[in-house]
Amino acid sequence: MGEGKDIVRVGLVGAGFIARLHTLAYRSVSAFYGDAVPRVELVRIADIAPGAAEAAATRLGWQDSTTDWREVTQAEDIDLVDIATPNDAHAEIAIDAARHAKAILCEKPLAATVGAAREMASVIEEARVTNQVGFVFRKWPAVELAKKLIEDGRLGDLLSFRGHYFHDYALDPEMPISWRMQRERAGAGALGDIGSHILDLAHYLVGNIDRVMARTTTLITERPTPSGGRAEVDVDDAADLLLDFDGGATGSIHVNWASAGYKTEIGFDLAGTRGALRFRWQHSNELEFYSCEDPTDIQGFRPVIIGPEHPKADIFWPVPGLGIGYSDGFVLSVSEILSALKTGRHAQPDFAHGLRISEVIDAALHSAETGAWQFVSPSPVGGQA
Ligand SMILES: NC(=O)c1ccc[n+]([C@@H]2O[C@H](COP(=O)([O-])OP(=O)(O)OC[C@H]3O[C@@H](n4cnc5c(N)ncnc54)[C@H](O)[C@@H]3O)[C@@H](O)[C@H]2O)c1
């Protein structure tokens, strides 16, 4: 579907925070990739909030704006539908876009419920449209270097993964409640929002997650509403997970969006029989590598500074050590689906993988309720890397 496209006409649904990052990425992707990606036309942006799409169109440079997302999913002049709405709106929009033969880039987590994610993955498979879910951190060069070192055998057999994603943005109890803190709209709290990213890295680097044991905690149980009332918080602020991977490795993940001292800190420690890796977002242009093969008197983690010789970093600057930033991750992400539309290859991570992560989140929520280990139910369409 879409093979050989030289021009891709994009429609974006949702004009909030992440819409800005996506737009910047579309605007600059050909400056980095040249002819390897099709030329992008920013055709239409939609948002249900009155005036939001119009303001975003003017500021970000979209040709047209609308309050009706169907004018994106059903439009003749759109090839790629980019979904950047709250989680509960992803399914309806993606399913309509697939039924109108559009390629789809959908933000993470794939949906608010595992049932909606399953329906999305199966409609997309049936419609055979190019699809991708926005797990942007796996495209990060230091993470891609980790993947390469693992595949090259530099870590030996993988034994343990310890991952985290901490933030302090929900620490203030007077921060008004938003869709992210409502289970019906978000599906889960910190576990679904930031936890889905680190679960994706665990899956990408180590492999399929077989079972999970979880504890979830709501630290601030009530918050102000934007209209001046009070509302109960029915999602987790923090989640602690134990994981067993198919290949025999064990793992643990801690996520917390009310964690004093942390500003966007996603990271992992990964250890194998021959070496280990350490990654921290606060040092995102470095990957630390420990090799058991180093002479014992100088063994230790060495920071490898990311530069043009590393995977996915080569498209940026020819000078090592200059560093890239958060918005560059979105250039890497949109380049994936755009080059898939040009060459006809499969984009990754796809909806089937997004479903797999939703299944792990669902299993973790069940485990937190029952206090028992929960196997992650295999899905007929899920499971791709
Ligand atoms: N990949 C990442 O690193 C990353 C980072 C932030 C957010 N996200 C994801 O992006 C999505 C959006 O997050 P955000 O932070 O931009 O949220 P946001 O609240 O800033 O913006 C969402 C926008 O969607 C609009 N909207 C709501 N329902 C809609 C509908 N049915 N049709 C059209 N517009 C609708 C809202 O009016 C709002 O302007 C979420 O799924 C979130 O998890 C991903």
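When a ligand or atom number is given, it counts from 1 through the structure's own listing order. For this chain, numbers begin at 1 and follow the sequence in order.
Using cut-offs of 30° and 60° for the angle between ring planes, the Phe301 and Tyr290 rings count as tilted.
Within 6.0 Å of atom CZ in Arg215, 12 or fewer heavy atoms from other residues, nucleotides or ligands are found, so the atom counts as exposed in its surroundings. Around CD of Glu126, the count of heavy atoms belonging to other residues, nucleotides or ligands within 6.0 Å does not exceed 12. Dense packing is recorded around CZ of Arg280, with more than 12 heavy atoms of other residues, nucleotides or ligands lying under 6.0 Å away.
Below 4.0 Å from some heavy atom of Pro86 lie the following atoms of ligand 1, by number and element: 22 (C), 24 (O), 26 (N), 27 (C), 28 (N). Atoms of ligand 1 lying under 4.0 Å from at least one heavy atom of Gly134, given by number and element, are 1 (N). Distances below 4.0 Å separate heavy atoms of Gly14 from the following atoms of ligand 1: 24 (O). Each of the following atoms of ligand 1 lies closer than 4.0 Å to a heavy atom of Tyr326: 3 (O), 5 (C). Close contacts between ligand 1 and His197 involve ligand atoms 1 (N), 2 (C), 3 (O) [criterion: under 4.0 Å to a heavy atom].
Looking only at protein heavy atoms, the nearest one to atom 28 (N) of ligand 1 is Ile48 CD1, 3.4 Å. At the shortest separation from atom 41 (O) of ligand 1 among protein heavy atoms lies Asn87 OD1, 2.7 Å. In terms of protein heavy atoms, atom 20 (O) of ligand 1 is closest to Phe17 N, 3.0 Å. Closest to atom 21 (O) of ligand 1, if we only count protein heavy atoms, is Gly16 CA, 3.3 Å. Shortest contact from atom 43 (O) of ligand 1 to any protein heavy atom: Lys108 O, 2.8 Å. Nearest protein heavy-atom contact of atom 39 (O) of ligand 1 is Asp47 OD2, 2.6 Å. Scanning the protein heavy atoms around atom 11 (C) of ligand 1, the nearest turns out to be Thr85 O, 3.2 Å. For atom 15 (O) of ligand 1, the closest non-hydrogen atom of the protein is Arg180 NH2, 2.9 Å.
At least one heavy atom of Trp179 sits under 4.0 Å from some atom of ligand 1.
Nearest approach of Arg278 to Leu287, heavy atoms of both residues: O-CD1, 3.7 Å. Across all their heavy atoms, Val133 and Glu107 have their closest contact at CG2-O, 4.0 Å.
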request  = Using the salt bridge (Lys or Arg N to Asp or Glu O under 4.0 Å) rule, take Arg356 and Glu359 through it: C-alpha gap first, then chi angles, then the decisive distance, then the call.
outcome  = CA-CA 5 Å; Arg356 188 67 189 163; Glu359 287 167 339; 3.3 Å; yes

request  = Check the pair Tyr165, Trp281 against ring pair (Phe, Tyr, Trp, His ring centres under 6.0 Å), reporting the backbone distance first and the verdict last.
outcome  = CA-CA 9 Å; Tyr165 199 151; Trp281 184 257; 8.7 Å; no

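Using a 4.0 Å cut-off between charged nitrogen and carboxylate oxygen, Arg9 and Glu41 do not count as a salt-bridge pair. A salt bridge is defined here as a Lys NZ or Arg NE, NH1 or NH2 lying under 4.0 Å from an Asp or Glu carboxylate O, and Arg44 with Glu71 fails to meet this definition. Between Arg183 and Asp234 no salt bridge is recorded (no basic side-chain N to carboxylate O distance below 4.0 Å).
Note: no N/O pair closer than 3.5 Å links Pro109 and ligand 1 by distance alone. An N or O contact shorter than 3.5 Å is missing between Val13 and ligand 1 by distance. Note: an N/O pair closer than 3.5 Å links Glu107 and ligand 1 by distance alone.
Note on residues 316-330: no pairs pass side chain to side chain donor-acceptor pair (under 3.5 Å), not counting sequence neighbours.
With a heavy-atom cut-off of 4.0 Å, His90 touches ligand 1 through its side chain alone. Contacts between Trp69 and ligand 1, counted as non-hydrogen atom pairs separated by less than 4.0 Å, involve the side chain only. For Ala52, no heavy-atom contact with ligand 1 is shorter than 4.0 Å. At a heavy-atom cutoff of 4.0 Å, ligand 1 is contacted by both the backbone and the side chain of Ile18. Within the 4.0 Å heavy-atom criterion, neither part of Leu21 lies near ligand 1. Under 4.0 Å from ligand 1, not a single heavy atom of Arg70 appears.
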Pairs under 3.5 angstrom only: tabulate donor-acceptor contacts from the side chains of residues 246-257 to other protein residues two or more places apart or in another chain.
unit_1	atom_1	unit_2	atom_2	d
Asp246	OD2	Asn208	ND2	2.9
His254	ND1	Asp240	OD1	2.6
Asn256	OD1	Ala258	N	2.7
Asn256	OD1	Ser259	N	3.4
Trp257	NE1	Asp237	OD1	2.7

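Atoms CE and CZ, from Met175 and Arg223 in turn, are 5.0 Å apart once rounded to the nearest 0.5 Å.
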